[in-house]
**Student:** 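Sharing a structure below in structure tokens format, with a few things to ask.
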There are 2 protein chains.
Amino acid sequence: MKTEIAEILKRNQLSVTDSRTSILELFRSSKSALAHADIEKKTSEQFDRVTIYRTLQTFVEKGIVHTIPTADNSVLYALCKDNCSQGHHHDNHVHFICDDCGVTYCLEHISIPNVQVPEGFITKQTDLVMSGQCDKCNA
Amino acid sequence: MKTEIAEILKRNQLSVTDSRTSILELFRSSKSALAHADIEKKTSEQFDRVTIYRTLQTFVEKGIVHTIPTADNSVLYALCKDNCSQGHHHDNHVHFICDDCGVTYCLEHISIPNVQVPEGFITKQTDLVMSGQCDKCNA
DNA sequence: AACACTTTGCAACTTTGTTGCAAAATAAAC
DNA sequence: GTTTATTTTGCAACAAAGTTGCAAAGTGTT
């Protein structure tokens, strides 16, 4: 296990440190989106706030995790499926936020349709966020 | 003009004040999504930060504007088209935020492609926000 | 083990958003 | 057009979230 996580870090040209290992492990075990505060709590405040910020930033840059927009102005981080290891493949799926329960869903299998932007515009990121009622709240 | 805006406020049971009038006017003239910071700047810091927060909150509650979540942890506010009073039909065009100059463009002529959601989900709103470099900054 | 390089934790700071309350503005009543 | 009741505003103080510089500690390489 540990070795596997170390592998992922090395594959992304990151040195293997306690914080990176723990946080990545946390993502893999929880298998759901985490907020910065969640990580702080679940690592028992073992790491400095700043360290967590920087670790998350690094992971985003390397494509290990991606950010999820939420309605209440908080950022969630989630593991990128294919570990994005070959890189360049930014997440491309639709997110759905339930107005009632507030849960953010990754609709992994629904990809964002291509959108043609006007000439001269360069797109670096595309977010498609839907909101309404999820299946559980609609019952 | 002023009368028209006052009408909208009254229709929503809101008293007509300077800040509400100015901010609503700003939304109508800019016709694009605005962040809190944009509003602060464009009203030349005429109003207290707190007032702007509360005004936006009120507008959201009344359905005059709606929020657009973005992945970078910023919330955008946009006018609801039909004033949403009779409801339900929200804007349907793509937004583009320039990372360099910070301007938000409404790509009015590009509509959001239809997205099929899983069974049981009810979509009330769909926002597509792109970011990158606009034509002016890419020159 | 010794070196170069990267990462961490601390402190200080900025930015963003919230709350309570007195003063001012608005709306309603006369 | 005053007066009164209600709402809204601005201030101050606070809370939460995020950033930056830098010395100390950790990592990787030889």
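What you see below is based on every heavy atom in this structure, not just the backbone, and it leaves out hydrogens, waters and symmetry mates. Labels below follow one simple rule: chain letters A, B, ... track the order of the sequence lines, proteins then strands, and each chain is numbered from 1.
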**Student:** By nearest nucleotide on DNA chain C, pick out whichever of B:D18 and B:V50 is the more 5' one.
**Tutor:**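 It is B:V50, whose closest nucleotide lies nearer the 5' terminus.
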**Student:** With a 4.0 Å cutoff (strictly under), does any side-chain N or O of B:S15 reach OP1 or OP2 of D:dT7?
**Tutor:**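 Checking B:S15 against D:dT7: no side-chain N or O falls below 4.0 Å of OP1 or OP2.
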**Student:** Are the ring centres of A:H95 and A:Y105 closer than 6.0 Å?
**Tutor:**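 Between A:H95 and A:Y105, the centre distance exceeds or equals 6.0 Å.
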**Student:** Quick check, are the ring centers of B:Y77 and B:F59 under 6.0 angstrom apart?
**Tutor:**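 Ring-ring flag for B:Y77/B:F59: false, centres at least 6.0 Å apart.
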**Student:** Calculate the interatomic distance between A:F47 atom CZ and D:dG26 atom P; express it in whole Å.
**Tutor:**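 Answer to the nearest Å: 13 Å.
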**Student:** Can you tell me if B:T17 touches the phosphate of D:dT9, counting only side-chain N or O atoms and a distance under 4.0 Å to OP1 or OP2?
**Tutor:**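 For D:dT9, OP1/OP2 do have a side-chain N/O of B:T17 under 4.0 Å.
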**Student:** Write down the distance between CD1 (A:I52) and P (C:dC10), rounded to a whole number of angstrom.
**Tutor:**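 Answer to the nearest Å: 12 Å.
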**Student:** Check the distance between D:dG28's C1' and A:N12's CG and give it to me in whole angstrom.
**Tutor:**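 After rounding, the reported distance stands at 17 Å.
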**Student:** I need the OH-P distance between A:Y77 and D:dA17, as an integer number of Å.
**Tutor:**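 A:Y77 atom OH is separated from D:dA17 atom P by 12 Å.
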**Student:** Using the rule side-chain contact (heavy atoms from CB on, under 4.5 Å), only one of A:V129, A:D127, A:V94, A:V115 pairs with B:L128; which is it?
**Tutor:**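 Per the side-chain contact (heavy atoms from CB on, under 4.5 Å) rule, the option paired with B:L128 is A:V115, out of A:V129, A:D127, A:V94, A:V115.
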**Student:** For A:L9 and D:dG28, give me the distance from atom CG to atom P, rounded to whole Å.
**Tutor:**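 That distance rounds to 9 Å.
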**Student:** Got a donor-acceptor pair under 3.5 Å from the side chain of A:R49 to the base of D:dG18?
**Tutor:**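 Such a pair exists between side chain and base.
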**Student:** Give a yes or no on whether the backbone of B:F47 and the side-chain of B:T51 come within a donor-acceptor separation of less than 3.5 Å.
**Tutor:**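 A pair under 3.5 Å: no.
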**Student:** Want to settle it: does B:R54 or B:K10 sit nearer the 5' end of DNA chain C, counting the closest nucleotide to each?
**Tutor:**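 Its nucleotide being nearer the 5' end, the pick is B:R54.
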**Student:** To the nearest Å, give me how far apart CD (B:Q13) and P (D:dT6) are.
**Tutor:**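 One finds 17 Å between P of D:dT6 and CD of B:Q13, rounded.
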**Student:** By nearest atom, which of the nucleotides D:dG18, C:dT7, C:dT16 is closest to the A:Y53 side chain?
**Tutor:**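 The nucleotide sitting nearest to the side chain is D:dG18.
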